[in-house]
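Protein chains get the first letters and strands the later ones, always in sequence-line order, with residue 1 at the start of each.
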Amino acid sequence: VIPAGFDYLRPATISEALEMIRRDEEATFLAGGHALLPDAKLGRTSPATLIDLGRIDELRGIVAFGGDGRPPGHDNEAGGVHVGAMTTSAEIEHSTEIARTAPLLSKAAAVISDPLIRNRATLGGSLAEADPHGDWPPVVLAADATIHLRSPDTERAIPARDFFRMNGTGPGTGSTDLRRGELLTAVTVPAVAARSRSIYLKRMHPASGHAMIGVAATAVFDADEICRDCRIAITGVGSVATRTLRAEAELVGSHLTPEAIKNSANAANEEVVFVGDAFGSAAYLAQLLPTYVTRALTQIATHPQVM
Amino acid sequence: LTNTSRVDTYRGAGRPEATYLIERMVDQLARELGIDPAEIRRRNFIPADAFPYRQPTQVFVFDSGNYEHNLDTALSRVGYEKLRREQAELRAQGRYRGIGLATYTEFTGLGYGTELAQVGFAFGGWEYARVFVHPTGRVSVHVGSADQGQGHATTYAQIAADALGLRPSDVDIVEGDTMGVEFGLGTFNSRSIPVGGSAVHECGRKIVAKACRIAAHALGADVENVRYEDAVFSAASRADGGQRDRVTWDEVARLAHFGQNMPPGLEPGLDERVFFEPRGLSFPFGTYIAVVDVDPATGDVTVDRFVAVDDCGPLINPMLARGQIHGGIAQGLGQALLEGARYDDAGRLVSRDWTTYAFPRAQHIPRLETAHTVTPSPWNPLGVKGIGEAGAIGAPPAIVNAVLDALAPLGVTHLDMPLHPEKVLAAIRRATTVNNSTGGAR
């Protein structure tokens with residue numbers, strides 16, 4: 001299918017990009033193109049102007065920051081890693097900084113679709129799109145990342161848990177707090193705490209390669225293996241990725257016993273509004289989710305070497 | 001009236017459907033009689049000494065077969081006895097391992113005209129080949145069955161080279177071009193090698209026979225005293241006592257085209273055509289064994305192993321044959337587990353592109369273990385049978401039989417393809433509910 005005609009703009013800086021989108025009501029940012037281009041091909045969207053973010057150097061790159069000598073704007077005491085919005089999934093997959101600081105992102109990157117797509121699709125694009133089956137939204141939720149947004153007048157840093165919203169007005173197919181004219185510029189991920197373990201367990205959609213179900217989980221343990229902190233985020237089964245706070249609460253303060261895991265998995269099901277498709281009805285997804293949460297948490301509980 | 005998508009035959013064209021029904025019924029029979037699925041097949045095979053075997057319906061004659069040997073080869077390859085023991089152990093642990101068999105027989109190499117007429121075809125079963133030798137000795141071969149990705153050019157070049165005593169690199173193949181290839185019935189029914197290949201072979205023999213006459217004349221020898229080997233014609237001795245006792249292929253090609261000294265009554269040139277029709281259809285066969293694990297919590301089916309032992313007579317190019325088998329099995333696995341046109345409640349097609357229609361990807365396919373038994377066909381000079389569609393014919397029933405074998409302890413006896421996890425899980429849950437309400441009596 002040949003898409004409708006469109007204008008193509010290629011800014012070199014973030015300010016230029018923001019100015020372009022301010023001037024053109026019908027313009028859309030183009031990142032890796034793995035949501036926008038298939039949609040345009042199928043005629044589901046036909047933007048009048050594409051603003052290609054591919055040549056903006058300040059949107060790329062992975063930079064770890066620590067307790068001292070850290071770049072301005074980052075206030076995390078424990079340090080972490082700054083990931084530019086236009087960083088590709090493949091760059092994240094192969095980054096040693098990410099593997100050291102935020103290993104959950106490395107693990108997730110490795111199971112996103114296939115290498116060809118990982119070479120093009122970007123972290124920022126995935127988050128702005130907030131596809132209900134996207135892999136990055138649950139991962140940044142479980143990693144407790146911060147999303148950085150910029151408009152011509154303001155700069156905002158939003159915790160991931162406030163960014164994805166069922167009633168948001170963002171441009172993507174899911175929903176976000178992203179506003180018209182704003183650009184998602186970067187994600188900062190706090191460095192993993194000592195004695196923390198994480199996992200991204202994905203059921204790959206047999207046709208699309210998207211997450212039919214994705215469970216991202218991080219747990220922090222004390223010396224007695226009691227869970228002190230926990231974040232569980234779910235993608236694929238509903239309209240937008242979501243943290244399951246009650247499922248997390250079931251675990252904090254206890255050992256990850258089969259009993260605690262079972263309660264957590266059941267609680268997760270109560271926090272999700274299931275949306276099915278031809279490869280899995282809502283009822284089927286509701287049958288599967290407790291199994292996936294249980295398997296993810298059991299991995300964390302029984303594999304202390306999992307980082 | 002329907003607004004659902006039109007469907008048509010694809011790889012296997014009728015044999016996947018027939019084989020699926022037969023192989024599912026045989027398994028059901030085995031289960032009801034309490035006989036092992038391999039054993040019930042063995043007991044019902046046409047014995048090897050009954051070939052050529054006329055079907056009870058009187059239409060087709062099965063050319064050749066040795067089914068029991070093929071079954072035994074597959075059972076030994078997969079380690080059947082050991083697998084059954086492991087399965088029993090896993091069942092005791094509440095795990096669902098399944099072993100599924102399908103022993104297929106199909107027909108390929110369409111095929112003898114009067115036989116075809118009996119089943120409604122309006123044309124005969126010939127295929128066309130033209131082999132001609134250029135003045136340089138290089139050979140062009142035109143074949144009427146076009147390559148759709150099978151790698152015909154390689155196989156035809158091997159057949160032609162063998163028939164002509166040359167190397168495959170001496171041969172150029174032309175196919176699929178109506179500007180170059182004069183006639184052809186086409187590529188279907190796995191007929192290209194048994195029929196098209198035989199046409200190339202026969203045509204090559206005609207060329208060599210004529211070349212021998214030209215060589216004999218040049219050597220002053222009787223044609224029956226000329227030997228042809230490795231592109232050289234030689235005569236034991238000259239009738240006129242002269243010196244020359246050898247002439248090369250390239251020299252004969254030049255002599256044939258210059259045409260100044262042809263044997264009496266022989267026209268110049270080396271250019272022959274053959275319309276080859278086999279004496280009957282060829283019936284390849286095989287045993288496919290799938291080993292699957294079913295996850296009772298999700299309904300997911302994992303194909304752990306897949307052993308395919310085919311018999312398509314002698315293999316001309318084993319790698320290309322294996323490629324056909326691999327592709328066919330992947331396609332059959334897709335049909336068994338993934339594919340299908342889907343519509344929503346409003347009748348809209350929702351499997352509309354590659355993100356919504358699931359065909360098998362690399363991650364769905366196990367390492368495929370292939371092997372062959374070799375039972376030549378008496379119906380064509382190469383003894384070969386078609387292998388292009390076998391995988392798609394044998395794989396679906398082997399996989400579905402394996403899944404139902406895995407779920408046998410639950411009493412699940414039937415599932416329709418495709419075995420989507422949701423469907424499998426629903427069957428497991430239904431069976432579990434029934435078993436619980438009847439005290440697990442099964």
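Contacts from residues 279-290 of chain A to chain B, taken as heavy-atom pairs separated by less than 4.5 Å, involve A/F279, A/G280, A/S281, A/Y284, A/Q287, A/L288 in sequence order. Applying a 4.5 Å heavy-atom cutoff, the residues of residues 418-430 of chain B that approach chain A are B/P421, B/E422, B/L425, B/R429.
Contact count against chain B (heavy-atom pairs under 4.5 Å) is highest for A/R44 among A/H205, A/R44, A/H210. Among B/T356, B/L337, B/L338, B/V350, the residue making the largest number of heavy-atom pairs under 4.5 Å with chain A is B/T356.
Neither the backbone nor the side chain of B/D344 comes within less than 4.5 Å of any heavy atom of chain A.
Taking the charged nitrogens against the carboxylate oxygens, A/D114 and B/R361 have no contact shorter than 4.0 Å, which rules out a salt bridge.
Scanning both residues, B/T355 and A/A207, for their nearest heavy atoms gives O-CB, 3.4 Å.
More than 12 heavy atoms of other residues, nucleotides or ligands lie within 6.0 Å of CZ in B/R84, so this atom counts as buried by the packing criterion. Few gaps surround CZ on B/R305; more than 12 heavy atoms of other groups in view lie less than 6.0 Å from it.
You'll find the side chain of B/T298 reaches within 4.5 Å of the side chain of A/R295, heavy atoms only.
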